[in-house]
Structure formats: C-alpha cells, structure tokens
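In what follows, a structure is listed as structure tokens, so that the remarks can point back to it.
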Amino acid sequence: KRRLRDQPAELDSESPAARLLGAAAAARLLRSAHPPLHAPCALRAALAAAGATLRPHALTSFELTALQYTHRLHVAMTGCERISRTPCPPGYVAVLRLVILVFLFLLPPVLLDELGLWTVVVVSATAFILFAAEQVAGQIEMPFGHDSNDLPLDSLCVALEADVLTLLDEFEAAADD
C-alpha cells in the first residue's frame with residue numbers, strides 16, 4: 001500500500017511484514033528494488049523449495065493452490081501499479097473542461113424561449129451536475145490515497161495478512177502430515 005501511495009518503504013519490528021517474515025527476510029524485502037513484487041516472488045520460491053524438498057517432482061493440491069494464489073496476487077499488484085502510475089492525460093482534462101464550459105454557455109440561449117426565467121434554474125442545475133461529475137472523475141483517478149472515498153488499503157492489507165498466515169499454517173500442517 002505504501003508504494004501505491006508514493007510513500008517510502010518502512011519496516012520496523014512491529015510492522016506486519018517483519019512479524020511474518022522475520023528480521024533477515026524483512027531486511028531483504030526492504031533492500032529490494034520493488035518490495036511489493038519481491039514478497040510474492042519470495043513466497044513462491046519458498047513454496048516451491050519446500051515442496052521440492054518434501055516431494056521432488058510432485059506438487060500437492062495445496063502447494064499448487066498456494067502458487068496460483070501468489071500468481072493472482074502478483075497480477076493484482078501489477079494492475080494496481082498500472083492504475084496508480086497512469087494518470088489521465090492533461091490534454092484530455094483540458095478538452096473535457098472546455099467542452100463543458102462551451103456547452104454551458106450555449107445552453108441558456110437555446111432554453112430561454114422555452115423556459116423563460118426557469119432557464120437560470122435548469123442551467124444552474126445542469127452546471128452543478130456536470131462539474132460534480134468532472135470532480136468525481138478527478139477523485140477516482142487515484143483511488144489509493146487517504147481520502148474517505150479511496151480504497152480501504154489498510155483493511156485490505158490486514159485481510160491479506162490474515163490470509164497469508166492461514167495459508168502458512170495450512171502449509172505447515174500439510175508438511176507435518
């Protein structure tokens with residue numbers, strides 16, 4: 001979540017990554033050029049290595065499922081990165097605002113004969129709706145911030161941490177069998 005919000009990566013002993021990985025793995029994660037992609041790749045490597053040690057040339061259904069989930073996590077993270085790194089072109093925004101303004105300037109003369117003084121109310125309401133829609137479009141362009149209408153990355157990360165812990169517990173139980 002920190003990378004999507006353009007914040008520097010930080011790990012301390014209380015962070016979820018440090019608790020999950022241990023000090024050495026957390027330090028490797030922090031040194032990585034791309035920590036969000038390093039984590040699932042390291043998890044995949046650990047799953048593959050553990051599976052190869054226990055049963056060479058064979059993956060259990062659990063290991064295969066775990067590898068598929070890490071692949072899905074990788075795909076989701078790259079999609080989020082693509083969203084956060086691809087801004088709306090400034091030319092498009094400028095043209096959109098210009099079209100809205102031209103439309104609002106041309107609307108009153110067209111409606112004046114039909115609506116009379118109600119033209120002011122109709123044009124004002126139309127302007128409010130169009131400018132509000134343009135404002136909403138600007139806000140949803142970057143859904144990874146801290147605003148109330150942004151994605152709840154903190155709760156999503158807590159859920160992901162719980163899922164990873166469950167996955168690791170199941171993997172350890174399968175390895176003990």
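- The distance from atom CD1 of I100 to atom OG1 of T126, rounded to the nearest 0.5 Å, is 11.5 Å.
- Taking CD of E81 as the reference point, atom OG1 of T86 lies at 10.0 Å (rounded to 0.5 Å).
- Taken together through direct or relayed side-chain contacts under 4.5 Å among Ile, Leu, Val, Met, Phe, Trp and Tyr, L101 and L130 form part of one hydrophobic cluster.
- More than 12 heavy-atom neighbours from other residues, nucleotides or ligands sit within 6.0 angstrom of CG on L98.
- Residues E134 and V93 form a side-chain contact, since some pair of their non-hydrogen atoms from C-beta on lies under 4.5 Å apart.
- Hydrophobic cluster membership differs between L115 and V110, with clusters built from Ile, Leu, Val, Met, Phe, Trp and Tyr side chains linked at under 4.5 angstrom.
- One hydrophobic cluster, built from ILVMFWY side chains closer than 4.5 Å, holds both I83 and L151.
- The line from CD of Q135 to CZ of F128 is 10.5 Å long, rounded to the nearest 0.5 Å.
- The hydrophobic clustering, which links ILVMFWY residues whose side-chain heavy atoms are closer than 4.5 Å, places V121 and L107 together.
- Under a hydrophobic clustering in which Ile, Leu, Val, Met, Phe, Trp and Tyr are joined whenever their side-chain heavy atoms come within less than 4.5 Å, directly or via other members, F103 and L111 fall into the same cluster.
- Atoms CZ and CG, from F131 and L104 in turn, are 5.0 Å apart once rounded to the nearest 0.5 Å.
- Atom CD of E114 has 12 or fewer heavy atoms from other residues, nucleotides or ligands within 6.0 Å.
- Panel note: side chain T119, backbone P108; no donor-acceptor pair is recorded below 3.5 Å.
- With T78 contributing its side chain and V75 its backbone, the two residues share a donor-acceptor pair below 3.5 Å.
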